**Q** 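Following this message is one structure expressed as structure tokens.
Chain letters run A, B, ... following the sequence lines, proteins first, then strands; residues in each count from 1. Every value quoted in this text rests on a predicted model; they were computed, and no experiment measured them.
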Amino acid sequence: MYGLVDCNNFYVSCERVFQPRLDNRPVVVLSNNDGNVVSRSAEAKQLGIPMGAPFFEVRELLRHHQGHALSSNYALYGDMSRRVMARLAAHAPAVEVYSIDEAFLDLHGLTTYCGTLDTRVQAIRRDVLACTGIPTCVGVAPTKTLAKVANRLAKKHPELQGVLRLDTASRRERALRALPVADVWGIGYQYAGKLATHGIRTAWELSQVSEAWARKHLGGVVGWRLVQELLGQPCQDLNPSEDGTLARKSISCSRSFGQRLTAFDDLWGAMATYLSRAAEKLRAQGDQAHILTVYLSQDRYDTRVPPPYTRSTTLTLPGGPTSDTLQLLAYARRMLERLYEPGRVYVKAGVVLDGLERPGRGQQLSLFAPASSTATNPLSDVRAQQLMRSLDALNRQFGRGTVRPAATVTAAGQSAPWQGKAQHKSQAFTTRLEDLLVVG
DNA sequence: TCTGGGGTCCTAGGACCC
DNA sequence: TCTGGGGTCCTAGGACCC
């Protein structure tokens, strides 16, 4: 049996833990740049504010109902997530951290020593709420996809008290008949439309299609696995997360700029900033990357700009895998020079690190790179690693960006031209000493 | 005026290798 | 010059998720 634990309105719930004035009011959390709504309180959902709505479209509605809009505070949410996951790990034999606010639990054997599955799962919810202040719902089922179904219904129907278990054929059928097909995990905007034209409206109807049909219309083997999982046939195993964090297979960093940019130096400043951040994440995960992608985007809402809006270039690093910010910057600079076209107006840039591997294991050595090259010379490698370790340590102690590449630094007192907006941000209640909540 | 960011998996074609 | 299967890597694109 799998359990899927999903935090309710996670970002809003995190904010409410430290700001009780937000209780019982419509509250939304906004994406980077204060662009879109990414988390909504129950009250905000009741106002009809959809997920992903552009902020400017709902600002007035929210104001009219004495609501609050907050800029996203990822330092807070990330820390709260770690706390929740730590509680889950204390209860279940194995946990797969699936996203910042969701985890699959291995529930095997959980009933043998302490009550029924339902009472055990309720105890987990109570513990998470007591220790972190975050409310959750749990779906319990023999496959991950059915656990998602159960979770969805548990959220929709408060009378279920946060838990739904789908472990018999009749319970499964009832649940699938009650769930619109668009709410099934793996059915997005495109597939939902296609299914509708074939008269398939519920999860139950989807579960009854043939293998050939699923393969033809729902992306091949992926679609067929989805159908089998709805039927209770597991196709996806639990991938337990080490130490409560999820190791990524790629790491990216991208931002929309606060203003439109055309100058190469500004774009390079932004790119260098994002790459530095991505490399930090890479080192924090203990990996090196051997594929680097950089991209620039123009405004996709500007009808005068013909597609493609995004142009990218990818490089397999000739010097082999690295986590050295300075080495990555040297590659990225040349890639940006190739990508950049004077006269174009850019609104966003980003970098992706791929081909991640742990250093020192099963690594392909370059046959042809000269021994003196900075990329392969072991001595300079060691020194580069020492430099990065010192840089990370300083930034951990004194705050992100205390020590950083010169390309990302702007004149004293001036904010970077690529800097986005974040006008409604809460404090780093749990991760910065100055922001600790003072009660009294 | 304002419309996000960070991920995963799969497919398909071409180059190249044995 | 033509024959054939099996494999990897790369690139691009499409769909999905939170």
Side-chain angles (χ1 to χ4, degrees), chain A residues 4-11 28-40 50-60 69 71-72 74 77-78 81 96-104 144-145 148 151-152 155 182-195 215-226 235-236 239 246-260 274 277-278 281-282 285 290-293 295 297 299-302 307-317 347-356 364 420-423:
Chain A
L4 176 68
V5 182
D6 191 322
C7 301
N8 302 346
N9 317 330
F10 183 58
Y11 297 170
V28 300
V29 172
L30 305 173
S31 62
N32 255 340
N33 238 356
D34 292 343
N36 300 68
V37 172
V38 293
S39 181
R40 305 159 295 157
M51 184 66 172
F55 180 41
F56 70 88
E57 284 179 11
V58 301
R59 186 187 282 140
E60 275 315 307
S71 303
S72 39
Y74 287 101
Y77 312 148
S81 175
E96 175 182 342
V97 177
Y98 176 69
S99 74
I100 195 164
D101 70 337
E102 274 178 69
F104 288 100
K144 284 182 167 180
T145 305
K148 293 281 281 188
N151 186 281
R152 195 76 172 217
K155 284 208 160 152
D183 288 354
V184 172
W185 191 37
I187 301 300
Y189 177 76
Q190 303 283 337
Y191 287 162
K194 191 189 278 191
L195 288 166
R215 283 181 183 269
K216 179 157 180 229
H217 294 103
L218 299 175
V221 68
V222 184
W224 176 230
R225 286 207 282 251
L226 197 170
C235 299
Q236 303 188 57
N239 307 118
L246 58 180
R248 327 245 46 161
K249 297 178 176 178
S250 73
I251 288 174
S252 63
C253 184
S254 65
R255 294 279 182 285
S256 298
F257 310 137
Q259 60 191 81
R260 286 145 199 284
Y274 307 156
R277 179 68 194 122
K281 293 194 225 173
L282 179 69
Q285 188 175 304
H290 87 271
I291 300 170
L292 171 63
T293 300
Y295 61 90
S297 298
D299 186 354
R300 66 182 190 280
Y301 299 103
D302 186 338
Y309 305 108
T310 297
R311 282 160 215 267
S312 70
T313 173
T314 297
L315 175 70
T316 300
L317 305 185
V347 300
K348 175 179 177 173
V351 305
V352 186
L353 298 170
D354 266 303
L356 307 193
Q364 188 70 45
K421 286 178 296 192
Q423 294 176 345

**Q** Please give me the minimum heavy-atom distance between A:Val38 and A:Met51, naming the atom from each residue.
**A**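 Between these two residues, the closest heavy atoms are O-CE, 2.8 Å.
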**Q** Would A:Arg277 pass as a cation-pi partner of A:Tyr274, given that its NZ or CZ must be under 6.0 Å from the six-membered ring centre and within 45 degrees of the axis?
**A**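 Judged by the rule (NZ or CZ under 6.0 Å from the ring centre, within 45° of its axis), A:Arg277 is not positioned above A:Tyr274.
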**Q** Using a heavy-atom cut-off of 4.0 Å across all strands, would you classify A:Ser312 as base, sugar-phosphate, or nothing?
**A**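 No contact at all - A:Ser312 keeps every heavy atom at 4.0 Å or more from the nucleic acid.
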**Q** How close or far is atom P of C:dC16 from atom CG of A:Leu226, stated in whole angstroms?
**A**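 Spelled out: CG on A:Leu226 to P on C:dC16 is 11 Å.
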**Q** Within the 4.5 Å heavy-atom criterion, are A:Ile187 and A:Leu226 side-chain neighbours or not?
**A**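 A side-chain contact exists here, since the closest heavy-atom pair is under 4.5 Å.
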**Q** Can you list every stem that DNA chain B is part of, counting only runs of 3 or more consecutive Watson-Crick or G-U wobble pairs with both distances under 3.5 Å?
**A**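 DNA chain B forms these stems: B:5-18 with C:5-18.
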**Q** Hey, are the side chains of A:Leu292 and A:Leu353 touching, using non-hydrogen atoms and a 4.5 Å cut-off?
**A**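 Side chain of A:Leu292 against side chain of A:Leu353, heavy atoms only: contact under 4.5 Å found.
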**Q** Give the B/S/- string for nucleotides 2-15 of chain B, one per nucleotide from 5' to 3', where a protein heavy atom under 4.0 Å of the base yields B, of only the sugar-phosphate yields S, and otherwise -.
**A** BBBSSSSSSS----
**Q** Taking the side chain as every heavy atom from C-beta outward, state whether A:Asn33 and A:Arg255 have any pair of such atoms under 4.5 Å apart.
**A**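 With C-beta onward as the side chain, the pair stays apart.
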**Q** Could you tell me whether a side-chain N or O of A:Lys348 sits under 3.5 Å from a main-chain N or O of A:Tyr295, the two making a donor and an acceptor?
**A**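 Judged by distance alone, no pair lies under 3.5 Å.
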**Q** Give the minimum heavy-atom separation between A:Thr310 and A:Ser297, together with the two atoms involved.
**A**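 Reported closest heavy-atom pair: OG1-OG, 2.8 Å.
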**Q** Touch check for A:Val184, heavy atoms < 4.0 angstrom, all strands: base, sugar-phosphate only, or nothing?
**A**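 Since only primed, P, OP1 and OP2 atoms lie under 4.0 Å of A:Val184, the category is sugar-phosphate.
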**Q** Which whole-number value in Å describes the distance from A:Asp6 CG to C:dC18 P?
**A**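 Taking CG of A:Asp6 and P of C:dC18, I get 8 Å after rounding.
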**Q** Does A:Tyr191 reach a base, just sugar-phosphate, or nothing at all? Heavy atoms under 4.0 Å.
**A**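 Counting heavy atoms under 4.0 Å across all strands, the contact made by A:Tyr191 is with sugar-phosphate only.
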**Q** Please work out if A:Lys194 contacts a base, only the sugar-phosphate, or nothing of the nucleic acid, heavy-atom cut-off 4.0 Å.
**A**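 Nothing: the residue A:Lys194, judged by heavy atoms under 4.0 Å, touches no strand.
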**Q** So, taking the atom named CD in A:Gln236 and the one named CZ in A:Arg225, what distance separates them when rounded to the nearest 0.5 Å?
**A**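 A:Gln236 atom CD to A:Arg225 atom CZ measures 7.0 Å (nearest 0.5 Å).
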**Q** What's A:Leu30 touching, base or sugar-phosphate or nothing? Going by heavy atoms closer than 4.0 Å.
**A**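 Touches nothing.
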**Q** Indicate the atoms forming the closest heavy-atom contact of A:Leu30 with A:Ala69, along with that distance.
**A**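 For A:Leu30 and A:Ala69, the tightest heavy-atom pair comes out as CD1-CB, 4.2 Å.
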**Q** What is the distance, rounded to the nearest whole Å, between atom OH of A:Tyr189 and atom P of C:dC18?
**A**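 After rounding, the gap between these two atoms is 18 Å.
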